[in-house]
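Note on naming: letters A, B, ... go to the chains in the order of the sequence lines (proteins, then strands), and numbering restarts at 1 for each one. From a predicted model like this one, the values you see are computed outputs, not experimental measurements.
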Protein chains: 2
Amino acid sequence: MADDNVVYVGSKKGSMDYVLAVVTQFNKGSDEVFLKARGGAISRAVDTAEITKNRFLKDLEILDIETETEELENEDGSTSNVSSISIRLGKSG
Amino acid sequence: MADDNVVYVGSKKGSMDYVLAVVTQFNKGSDEVFLKARGGAISRAVDTAEITKNRFLKDLEILDIETETEELENEDGSTSNVSSISIRLGKSG
């Protein structure tokens with residue numbers, strides 16, 4: 001599965017659920033894990049990265065952070081722009 | 001002033017207020033502007049960067065994004081951790 005090492009962060013679960021998902025991916029042997037989020041969930045994605053790095057995987061580094069603007073289609077056919085973030089996590093050394 | 005090229009993004013104003021602050025800094029001659037935010041305002045800082053880049057300053061690039069964890073002291077003397085972001089904006093070329 002191409003998206004096996006991607007954790008999509010939403011607004012419904014708490015940060016610790018996403019931290020667990022990241023730790024699980026690394027324990028399965030992933031070299032890198034991407035945290036992806038849109039809109040208001042961007043803050044939670046940053047929390048997830050920081051908590052994972054500081055409390056659970058001490059050799060983890062934030063390798064890269066990229067942002068972009070995505071165009072979403074609304075139910076009435078109009079479009080809205082929403083910011084998104086992609087945080088690339090990997091082990092150092 | 002050392003902080004002249006730093007725009008602190010909070011949760012009270014809309015993104016466009018911060019976009020205007022960034023554009024103003026560049027128009028005053030700054031080579032780089034830093035957007036800084038904590039907690040839930042992190043999403044708004046990303047929105048501010050994306051809107052400024054896509055709609056107002058077409059030659060702008062996001063040069064670097066860094067996150068960290070800050071420890072804040074509460075009124076009762078206990079401490080809370082909060083994530084923060086720093087987005088470095090500069091003109092390309």
If every non-hydrogen atom of [X] is compared with every non-hydrogen atom of [Y], which pair is closest and at what distance?
X: A:S15; Y: A:R44; result: OG-CG, 3.6 Å
X: B:I42; Y: A:S43; result: CB-OG, 3.6 Å
X: A:V9; Y: A:Y18; result: CA-CE2, 3.8 Å

When B:R38, B:E66, B:E68 are compared by non-hydrogen pairs under 4.5 Å with chain A, the top option: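 Highest number of heavy-atom pairs under 4.5 Å: B:E68.
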B:I62 portion near chain A, given a 4.5 angstrom heavy-atom threshold: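 B:I62 touches chain A through side-chain heavy atoms alone.
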How far does CZ of A:R88 sit from CG of A:N5, to the nearest 0.5 angstrom?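 Result: 11.0 Å between the selected atoms.
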Looking at OG of A:S30 and CG of A:L89, how far apart are the two atoms once the value is rounded to the nearest 0.5 Å?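 It comes to 11.0 Å.
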Identified side-chain contact (heavy atoms from CB on, under 4.5 Å) counterpart of A:V6 within the set A:E32, A:Q25, A:K36: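 Among A:E32, A:Q25, A:K36, the one meeting side-chain contact (heavy atoms from CB on, under 4.5 Å) with A:V6 is A:K36.
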Please determine, by modelled atom types, if A:N74 and A:S80 share a side-chain donor-acceptor pair under 3.5 angstrom.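 On atom types as modelled, these side chains qualify, holding a pair under 3.5 Å.
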For chain B, which residues from residues 46-53 of chain A have at least one heavy atom closer than 4.5 Å to it?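 Hits under 4.5 Å: A:V46, A:D47, A:E50.
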